[in-house]
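Being a predicted model, the structure only gives us computed values, none of them experimental. The chains referred to below are lettered A, B, ... by the order of the sequence lines, with proteins before strands, and numbering in each begins at 1.
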Amino acid sequence: MDILATLNPAQREAVEAIKGPVLILAGPGSGKTRVITHRVAYLVKHCGISPYHIMAVTFTNKAAQEMRDRLEQLLGQAVEALTLGTFHAICARILRREGKAIDLDSSFVIYDEDDQLRLTKQALEELNLDPKQYVPQALRSAISAAKSRLISPKDYAQRVSSYFEEIVQRVYQRYQELLSQSQAADFDDLLMKTVQLFQNHSQILKRYQSRYVHILVDEFQDTNIAQYELMKQVAGKYRNLCVVGDPDQSIYSWRFADLRNILSFEKDYPEAKVVFLEQNYRSTKTILEVASDVISANVLRKPKKLWTENEDGARVTVIESYNAEEEAQSVVSEIEKLISQEQISLKDCAVMYRVNAQSRALEETFLRYGVPYKLVGGTRFYQRQEVKDIIAYLRVIHNPQDNVSLTRIINVPGRGIGQKTVNTLQSWAKAHDTSLFEALKQVSHPDSVGTKQSLSPHIVQSLAGFDALISKLTAQSQELSLSGLVDEILEHTKYKEYILDKEDGEERWENITELKSVAREYDELSPEEALTAFLEKVSLVSDIDELDEKADAVTLITLHQAKGLEFPAVFIVGLEEGILPHRKSFDDPEQMEEERRLCYVGITRAKKRLYLLRSYRRSLFGGSTANLPSRFLQDISPHLISPRGLWEESPTPVASPDFNRDSQPSPRPLSTLTLKVGDHVRHSKFGSGIVMNCNATRDDQELTIAFEEAGVKKLLASLAPLEKIEKDFDFSS
DNA sequence: CGAAAGGCTCTTTTT
DNA sequence: GAGCCTTTCG
């Protein structure tokens, strides 16, 4: 089969441009994944490049798996040698192989957010800082932000400019020490440490540079600085770097993704070829117009013209209901209508929402009406307490240095080792500069000195018992299959009795059974390999990876997770001020633009039918509140909408405030000048910029302006030396 | 030491 | 409303 035959001219151009850097700006539904897949196939089949010399980075493991499947179809051969995966998975692999060079044991564990938080708390405690005054979550996030920007504790120390940052620096420093003591890497470390490895070991970098002749990166708009740097390093030799992204679909800035990467790309690779994919193959004309109405209100974007040859399609349905329950019922009844009247099945339908908590009302209603559904995410399987407990046992067996996991299980199920004892062990470990595990071993030996007096013989016995348990399991781990090992853990800890005694015990035990069946998939490997592979998998899987496409059931999913997917019928629920856009974005125009992009991502998932739902009341936390309809709804041209619900009954809708930012009541005319959103301005100091938001204060205008060079600033119209400029100004150039 | 009860806070998105 | 923490009592 000819790899190029099925591509349109722009797609073909993107596939054939194999020499040098390429930036593909691809709108939703423009065949972006197809282009990447075909490009790899083209490299292998037409250019004779071995898959061994190609690296392709995807956003999720699922996307990676799908690409591998499609490639094998396209090429008619397996492509095992191809490096394909998420940045995190690829980095983990590199670090396992090369970690020795930077003092990272090849059996290092990967800490997730929960582990990170525990470690942050420990660092706080050790530094005698009050966790009430310094919220651990905030510190964790600040550390993560630093790492995503490749700022080491030392670098951080040099740029400290506030008391809070001073604290962050100290916690960050200690946090890293604790990580290294545990032979652990957190998510951010996977990226940062790989970059550092390459920075400090040029001979290792050279090997990888020579290997990867071609590099492809998908969802480029959601990469962070560390990922950008990594890519730049590996592509340093051949510069055959192809990145694909859509700035309008950038929705991960809170994970420190940096849209500037797209802008930097053209600066760092001036010879880059830029290809635009603008033809949409997914949605109807109507859906595309709705999407365009919503996204065009963003100020910080390059206008883009998407088009399609698809039919006009039905108008989008806007449904207003009284509360979340009624909203869920509307979804169910519309789905039933679709199934009976159109050729749409359950698995063609997806319900998307801003926050996971919204899934509850939906689930209850789906259950009540007996409509099958698959829930993506929510309380994530591998995050569940009981599942993490068992994994913690496995981690300790695999890597006894892992202090976080050891602390987690040392008294689970309860064996009389309380917080006080753990503290004693921890200070002993710190005083002797050793791991908690070593402390446990030393202290529980009857002939050890120095600590006995502070621990009762009774406790020492408990510790010795636990130590013996771990030793025994560790010995068994050499011989038993992985599922056998899990059985041993369960048996010796009496975990079943422990968990069945708790609330929802049955359900939790089922989760353990489920975990065991995952473990069984690794039984054919050698015990050592199985444990390593299993632990790696459970650290890096995401919920979306587990989505079963074939099951005939409605998908319930967050807007974030829906990125990259498509469905014939899409329901977006909770289009209300405070939900979508989320209230957290109210005072930050940049975040507000991201909310808008999120809405855009949701809309553009739909192929044929789109339903936008909004309810008058919603009880998200405790008391129920009345919310106004989302400003995004107001941005859609009325002729694209066919209304249902409250609007249907009362043709003259209840007067609701106009949310268009442009028409916010402006203050009394200023003698200088009055500006509105979207105006281009020049500031005597900050240069040229664009107005993102206007806030009328009592006798002034508070402006948020994105300056080309100086970034986003908040200014007062009466004071700022501003002039309005007419000429068209391209923010991104 | 551990279970139970009461009080507190903070409510987003996830590799 | 839930999850987390602290307090209290056995």
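Counting any heavy atom pair closer than 4.0 Å across all strands shown, A:N411 reaches sugar-phosphate atoms only and no base atom. Counting non-hydrogen atoms under 4.0 angstrom, A:F59 reaches the backbone sugars and phosphates but no base. A:T421 comes within contact range of the sugar-phosphate backbone alone, with a heavy-atom separation under 4.0 Å but no base atom that close.
Remark: A:Q561 is not in phosphate contact with B:dT13, judged by side-chain N or O atoms under 4.0 Å from OP1 or OP2. Applying the 4.0 Å criterion to OP1 and OP2 of B:dT14, one finds that A:T558 has a side-chain N or O inside that range.
Ranking B:dT14, B:dC1, C:dA2 by closeness to the A:I459 side chain, first place goes to B:dC1. Here B:dT15 is the nucleotide among C:dC5, B:dT15, B:dC1 with the atom lying nearest to any side-chain atom of A:E113. Side-chain atoms of A:K121 lie closest to C:dC5 of the nucleotides B:dT15, C:dC5, B:dT14. Considering only the side chain of A:N356, B:dT13 comes nearest among B:dT15, B:dG2, B:dT13. Taking the side chain of A:R360 as heavy atoms from C-beta on, and the options B:dT15, B:dG2, C:dA2, the nearest nucleotide is C:dA2. Taking every side-chain heavy atom of A:K584 into account, B:dT11 is the closest of B:dC1, B:dT11, B:dT14.
Applying the ring-ring contact (aromatic ring centres under 6.0 Å, His included) criterion to A:Y134, with sequence neighbours excluded, gives no partner residue.
Ring geometry, A:Y616 versus A:Y322: the interplanar angle falls from 30° to 60°, so the pair is classed tilted. Note on ring orientation: taking the six-membered ring where Trp is involved, the planes of A:F59 and A:Y252 are tilted (angle from 30° to 60°).
Figure legend. B:dT13 is base-paired to no nucleotide; pairs are counted as Watson-Crick or G-U wobble with both atom distances under 3.5 Å.
For A:Y252 and B:dT14, the ring-to-base geometry does not satisfy the stacking test (centroid distance below 5.5 Å, interplanar angle below 30°).
Note that CG of A:D222 is 11.0 Å distant from CG of A:D258, once rounded to the nearest 0.5 Å.
When the nearest nucleotides of DNA chain B are assigned to A:V541 and A:I417 by heavy-atom distance, the more 5′-ward of the two goes with A:I417.
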